There are 2 protein chains.
Amino acid sequence: MSAVSIKDVAALAGVSPGTVSNVLNRPEKVAGSTRDRVEAAIRELGFVRHGSASSLRAGHSRTIGLSVIDIGNPFFTDVAAGVEDVASDRGYAVLLGNSSGDRLKEQRNLLVFAEQRVRGVLITPSDDDLARLDRIKERGISVVFVDHPASRPDQCSVAVNDVTGGTLAVAHLLELGAERIAYVTGPGTIRQCADRRQGAGRALAAAGRDPGALQEVAMPSMTARSGQQAAEKLLSQGRLPDAIFCANDLLALGVLRGLMHAGVRVPQDVALIGYDDIDFASASAVTLSSVRQPTHRLGQVATELLLDECDNPETHAHQQIMFQPELVIRESTRLP
Amino acid sequence: MSAVSIKDVAALAGVSPGTVSNVLNRPEKVAGSTRDRVEAAIRELGFVRHGSASSLRAGHSRTIGLSVIDIGNPFFTDVAAGVEDVASDRGYAVLLGNSSGDRLKEQRNLLVFAEQRVRGVLITPSDDDLARLDRIKERGISVVFVDHPASRPDQCSVAVNDVTGGTLAVAHLLELGAERIAYVTGPGTIRQCADRRQGAGRALAAAGRDPGALQEVAMPSMTARSGQQAAEKLLSQGRLPDAIFCANDLLALGVLRGLMHAGVRVPQDVALIGYDDIDFASASAVTLSSVRQPTHRLGQVATELLLDECDNPETHAHQQIMFQPELVIRESTRLP
DNA sequence: TACTCGGACAAAAACGTTTTAACCACGTTA
DNA sequence: TAACGTGGTTAAAACGTTTTTGTCCGAGTA
């Protein structure tokens, strides 16, 4: 049993418990010689601080909560890795919550976070219901949005400009000479999908076309399976488009597979571009052009903002950071 | 601020704090009418228990630690999802630690877990150094191995029989009539790779062949990139094998891409099989045959074992559970 | 010499829960 | 009638830190 407490350390070092606490938390406040003695005692006894006791008294823990929509999506996995990176560096632990897009589960996760008195919460909200998050903030827990721009100036957020991304993708397709373009997307309620669609419209307008002239195929989920179904749908509708823009890479990989199955050549017959630039985009049989997001960075920066807000509440200025996406051209839009 | 404590609830309900604690933890010990009153007060005040105070006094938290080798690998992601599932169901929070295969990081994560006084730890150990884990167990923290059979009877583990898996894969290739088979694998120190190799040898022996007659290509990492390099290596060595067995799907996807690039047809020219059956295996241009592991289940069962060990220490019997893998045949080994 | 000042540490009170022992009223049993 | 449970509740003592206040001692100042 881990019976060794700060008192044991204090006794061994011949100081008071308060002094041990000081070397732990404000080493500069204690004289060098005593500090050495205490540190030696800590090592000798294998003391590790009791986080619960610490946060009970201090009023806050060294833990942050991360709530994502789908831990199975490589996009969120990359974000999580970025979060874990900097949190772990700063000695913070990460509490993981996976909502699976379910509001109830998200709610329950937030409750668990509240019980654990996390220092702050990183969340990719599954919808725009902010009242729920206000209840968290009333508890003095900071909240930072990830991959979702905050609509209010009283909180931080980190996102990537999806409108720009949509423009980049479709402008690229237009440059290839595409006349008829299809947009394979997820549910219309998803902000990312809508923003990317809007960006696509801008690219069309900039080329002197009708911004609405996009054949839209909306699927209920954004998985490879849905992508393949979308391809079948397109194939059954007679004349294929010249180019297809997919709202994420999973959809695009599915579309790619559906097309190849039908003997349609990519990019010779149809050009194809995805979104996210997940690792598998460059590993598919025909490597996938995509719109890259600084995913890992997203997680890192969000965590840094959160920890800054926690550690320097008075000087902290809320920021809504918007990254810019980047076009990645690979075989699926490169004519031989 | 979340100033509402158990005392406030007690005051409003007209009972003592101890009674509130009882309705929270042993509802059956308190009379129905008082219970109702207390629960009403809890709802009215929006009280949420202070986890730190609770675990400080109770001596244990409602938190478990999960340490994985690579959160970017879909295999581990699936495991994590399974863990999160049952932990969340039982009201436990999951602390995530990503070791990236780095022993130091793994060490640091375990320290953080110890500080948080987690109830137990789920870990896919990156090596067989058990002394480190003994230090954790001395602290009264239970440890369950995930995807790694425990070598000692004093702890639980959940794993999948990799020897069987290797046998399944190679027996299948032999049935297809393969004469010359290659094994593309990761570092030899990884137990999974070695076990799968051993299984492959058994299949060869069972077919009356030399168990060593396998062309081995060992790569430093088990990613798609490495797989592609492996394919290039095979291509440069002159005559290709009839069939290739890869130690995981990421490698296989890379090999597939490398072969297709060189105009080699799969499965007509070379049959290909991977391992893990990650989602992307069925989404690639040529769908990938693979050896399926009950990944999600692995995470679920491991968590159930851990929580059982924590909640019923006296009746708990340590178990080393070994699941059986399953062959999944897709296009990459299916002759037209 | 008397005084202040500041650095280094100690003592003790708090943080919000859980848990133990004590208590009380009220039937049941001898 | 007296002793004895018994179910329901309370009071109070923990749990291991952090933080505030206080004390001590020696150096610097007048």
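Keep in mind it's a predicted model, so treat the numbers as computed, not measured. Labels below follow one simple rule: chain letters A, B, ... track the order of the sequence lines, proteins then strands, and each chain is numbered from 1.
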List the atom pairs, donor and acceptor, that lie under 3.5 Å between side-chain atoms in residues 64-76 of chain B and the rest of the protein, sequence neighbours left out.
residue, atom, partner, partner atom, Å
B:D70, OD1, B:G72, N, 2.8
B:N73, OD1, B:F75, N, 2.8

Problem - Annotated protein contacts, base or backbone, on nucleotides 22-27 of chain D with a non-hydrogen cut-off under 4.0 Å, one of B, S, - each - result: ------
For the pair made of [atom1] in [X] and [atom2] in [N], what is the distance, rounded to whole Å?
| X | N | atom1 | atom2 | answer |
| --- | --- | --- | --- | --- |
| A:H50 | C:dG16 | NE2 | C1' | 14 Å |
| A:R57 | D:dT17 | CZ | P | 14 Å |
| A:H60 | C:dA14 | NE2 | P | 19 Å |

Problem - Pair B:D147, B:Q192: side-chain N/O donor-acceptor within cut-off below 3.5 Å - result: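 Note: B:D147 and B:Q192 side chains meet the donor-acceptor criterion.
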Exercise for the section: Check B:V4 against B:F47 and note the closest heavy-atom contact, atom names and distance. Expected result: O-CD1, 3.6 Å
Handout entry: B:R49 side chain near C:dT18 phosphate (N/O to OP1/OP2, under 4.0 Å)
Key = yes
Handout entry: C:dA10 OP1/OP2 closer than 4.0 Å to side-chain N/O of A:S16
Key = yes
Problem - Sidechain-backbone polar pair: A:T295 side chain, A:Q293 backbone, donor-acceptor under 3.5 Å - result: yes
Handout entry: Residues within residues 7-15 of chain A bordering DNA chain C, heavy-atom distance below 4.0 Å
Key = A:G14, A:V15
Problem - Positions of residues 17-40 of chain A (non-hydrogen atom under 4.0 Å from DNA chain C), listed by number - result: A:T19, A:V30, A:A31, A:T34
Practice task
Looking only at side-chain atoms of A:A58, point me to the closest of D:dT19, C:dG16, D:dT17.
Solution key: D:dT19
Handout entry: Gap between atom CG of B:N98 and atom CD of B:E106 - 0.5 Å precision
Key = 10.5 Å
Please report, to 0.1 Å, the donor-acceptor pairs under 3.5 Å made by any side chain of residues 305-314 of chain B, with sequence neighbours excluded.
residue, atom, partner, partner atom, Å
B:D308, OD2, B:H316, ND1, 2.7
B:E309, OE2, B:S142, OG, 3.3
B:D311, OD2, B:R90, NH1, 3.4

Exercise for the section: Taking side-chain contact (heavy atoms from CB on, under 4.5 Å) as the test, write out the residues that go with B:P27, two or more places apart. Expected result: B:R35
Problem - Charged N-O contact under 4.0 Å between B:R297 and B:D85 - result: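 Looking at B:D85 together with B:R297, the answer is no, because their closest N to O distance does not fall below 4.0 Å.
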Exercise for the section: Scan B:V121, B:T303, B:L122 and name whichever one has a side chain to side chain contact (heavy atoms under 4.5 Å, CB included) with B:V144. Expected result: B:L122
